[in-house]
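Below you'll find the structure, written out as structure tokens, and then a few comments.
Protein chains get the first letters and strands the later ones, always in sequence-line order, with residue 1 at the start of each. In what follows, every heavy atom counts, from backbone to side chain, and hydrogens, waters and symmetry copies are set aside.
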Amino acid sequence: MVTYGGDEVSALVLDIGTSSVRAGYAGDDSPKAIIPTQYGFIPPSSDQDVDMGDNSDSTEKPKGARSFIGEAGPSLFRPGMQIGNPMSDTLIQDFGPIPALVRHVLQDSMRVNPSEHPILVTEPAWNTPENRERMAEIMFEEFQVPAFYIANTGVLNTFAAGKGSALVVDVGQSVASVIPVVDGFVLRKGVAYSNLPKLVAAHARHILLGNNIDLIPHQLIASKTPVEPNMPPQYAVREDKIPGVTDSWRQWYEDRAVEEWTQNMGGILEQGWNDQLAIQRPARQYEFPTGFNTFFGPDRFHVGELFFFHKPNLVASNSSLPRHIPALISDSLRACDIELRQVLMGNVVVTGGGTLFSGFTDRLHNELVRSFPHVKIHAPGNPVERRYGAWLGGSILASLGTFHQLWISKEEWMEHGKGIVAQRCK
Amino acid sequence: MSGISGVTVHQDCITMYQELKLRKKYKYIIYNLNKDRTEITVEKTSDSGQYDDFLQELPEGECRWAVFDFEFEKDGGSRNKLCFFAWAPDDAKIKQKMVFASSKDALRRALEGIAVEIQGTDPSEVSYESVLNKVSTGTR
């Protein structure tokens, strides 16, 4: 509990990822509200008056004339609705929709008044000084928060594992990263990250399309009849909706269908790739929104294998291939001195929803013990703890009574301005 | 002086460490957090140089810090090195692990002259052999 103005008030914790925005009370073991980071918007139609001249930063808004945020935002069909995402590589690239997203998750979902609660926000290790200052500005100026702190997700994950030093392996929806944390601080030169999850998603999509599977959004399906495995699906399309479907909405839905398939079907061979082993694993059945259902065998493991190994022909055909996890780890360790490498290998922390594939942790262990004598991996078994490790770390940190000395208060913000963010949040 | 958590260090932590370091009054000190998790305090001191006795003090499922005055033989001579332990077993409660991890720096910076720091999550990482291996590298 934090004492503010004589009353005990819980702090809020806000963790903005590529796929979702997580918010909740400090001290809780899981976020209270989780909404998609993507939002729907309908662009102003050409016959409306569009004030192009006043496109200044002072009025922060999502794109478009009308926007749709939250659980019922992007996922519901609306004629002409497009999908926007303020994030790219887990950095906020477009601050326009951020106030609306924050307002939705805090006020509409959690039903709290942000001007009454200190707020701790998370940031990735490669966040820019401008970005964190902007976040502070939005919190103080738009939401009138009484106090603010921004904490690094790598550090929060390390602390949540009970460690001061660790090598954090974090796989999210768009980025896989390896972050060395030493005595509670990120070792910046050792930060390595790539768009590996996007490669995995692209491969999964390729597999599904190669099997002629239609990824049509279930919102466009009027009705369907159950069919036997591998039989053509029998479903009726909502023809009336088709003219209103935009490319970005359809893309977003298809991405979600691919992700859902990957999460349910994807697996990793613990001992490394082996055709025999992949065939021996039992195939699993999966049903798509159209009603089409089939069994997936080795393809399931081809998807997961991309996290750890890239075939030479794939590397040769793609010069900008995102680095796989063993490559990210070795690049990260190269920047650390030899003694530190041993410490880090004894304290590998695995986090992020992208690490929940069956076999992920065992495979990582097997890859690392080949090069290091002592490897210890800390991977929370509880999926909530794994998915929201940074949020949880922030929740515990902000709930400590002694943490109050680090908050940047509104008064300090007014007095010192942006400079205080870098000074206080190291 | 404090870590990111804001937890402070009780003066006894430093005084007793000085007595261990300069006057050899103790062989080891066990540190813990007070009940309110606001301050680091001395939980126990001992003059037993038996490493096994010391290991008994690191509880299952709970975090502690400790300083052990580690004696060993090298090149026919007897040496000693002050080792700092951050003990955080995996099955400790997540909140306790978090407070300990984010407060360690406060204690660690208050103790001058530590030669080796050991982050331990299971008995193998604080075993006699493992620590001996760490203290003897780099000692001439």
Heavy-atom cut-off 4.5 Å, strictly under: side chain, backbone, both or neither for [X] against chain B?
X	answer
A:Asp29	neither
A:Ala161	backbone
A:Glu339	neither

Discussion item. Below 4.5 Å, heavy-atom pairs only: which of A:Gly164, A:Gly184, A:Ser165 has the largest tally toward chain B?
Written reply: A:Ser165
Worksheet item: Do you know the tightest heavy-atom contact between B:Lys95 and A:Ser399?
Response: NZ-OG, 3.5 Å
Worksheet entry | Over all atoms of both residues, closest heavy-atom pair of B:Ala88 and A:Gly162 | CB-O, 3.3 Å
Less than 4.5 Å to any heavy atom of chain A: does that hold for the side chain of [X], its backbone, both, or neither?
X	value
B:Asp122	both
B:Thr121	both
B:Gln96	neither

Worksheet item: Atom CG of B:Asp105 and atom CZ of A:Phe185: how far apart are they, to the nearest 0.5 Å?
Response: 6.5 Å
Discussion item. Rounded to the nearest 0.5 Å, what separates atom NZ in B:Lys134 from atom CD in A:Gln342?
Written reply: 9.0 Å
Fill in: Full working for salt bridge (charged side-chain N to carboxylate O under 4.0 Å, His left out) between A:Asp183 and B:Arg108
CA-CA 10 Å; A:Asp183 286 334; B:Arg108 181 62 188 79; over 6 Å; no
Discussion item. Taking CD in B:Glu60 as the centre, count heavy atoms belonging to other residues, nucleotides or ligands within less than 6.0 Å. Is the count above 12?
Written reply: no
Worksheet item: Does CD1 belonging to A:Ile338 count more than 12 external heavy atoms closer than 6.0 Å?
Response: no
Fill in: Test item: B:Ser102 and A:Leu400 side chains (from C-beta on) under 4.5 Å apart, heavy atoms
yes
Worksheet item: Is it true that A:Lys376 and B:Asp90 make a salt bridge, defined as a side-chain N closer than 4.0 Å to a carboxylate O?
Response: yes
Worksheet item: Taking B:Glu125, B:Glu39, B:Gln119, B:Arg37 one by one, which has the highest count of heavy-atom pairs under 4.5 Å against chain A?
Response: B:Gln119
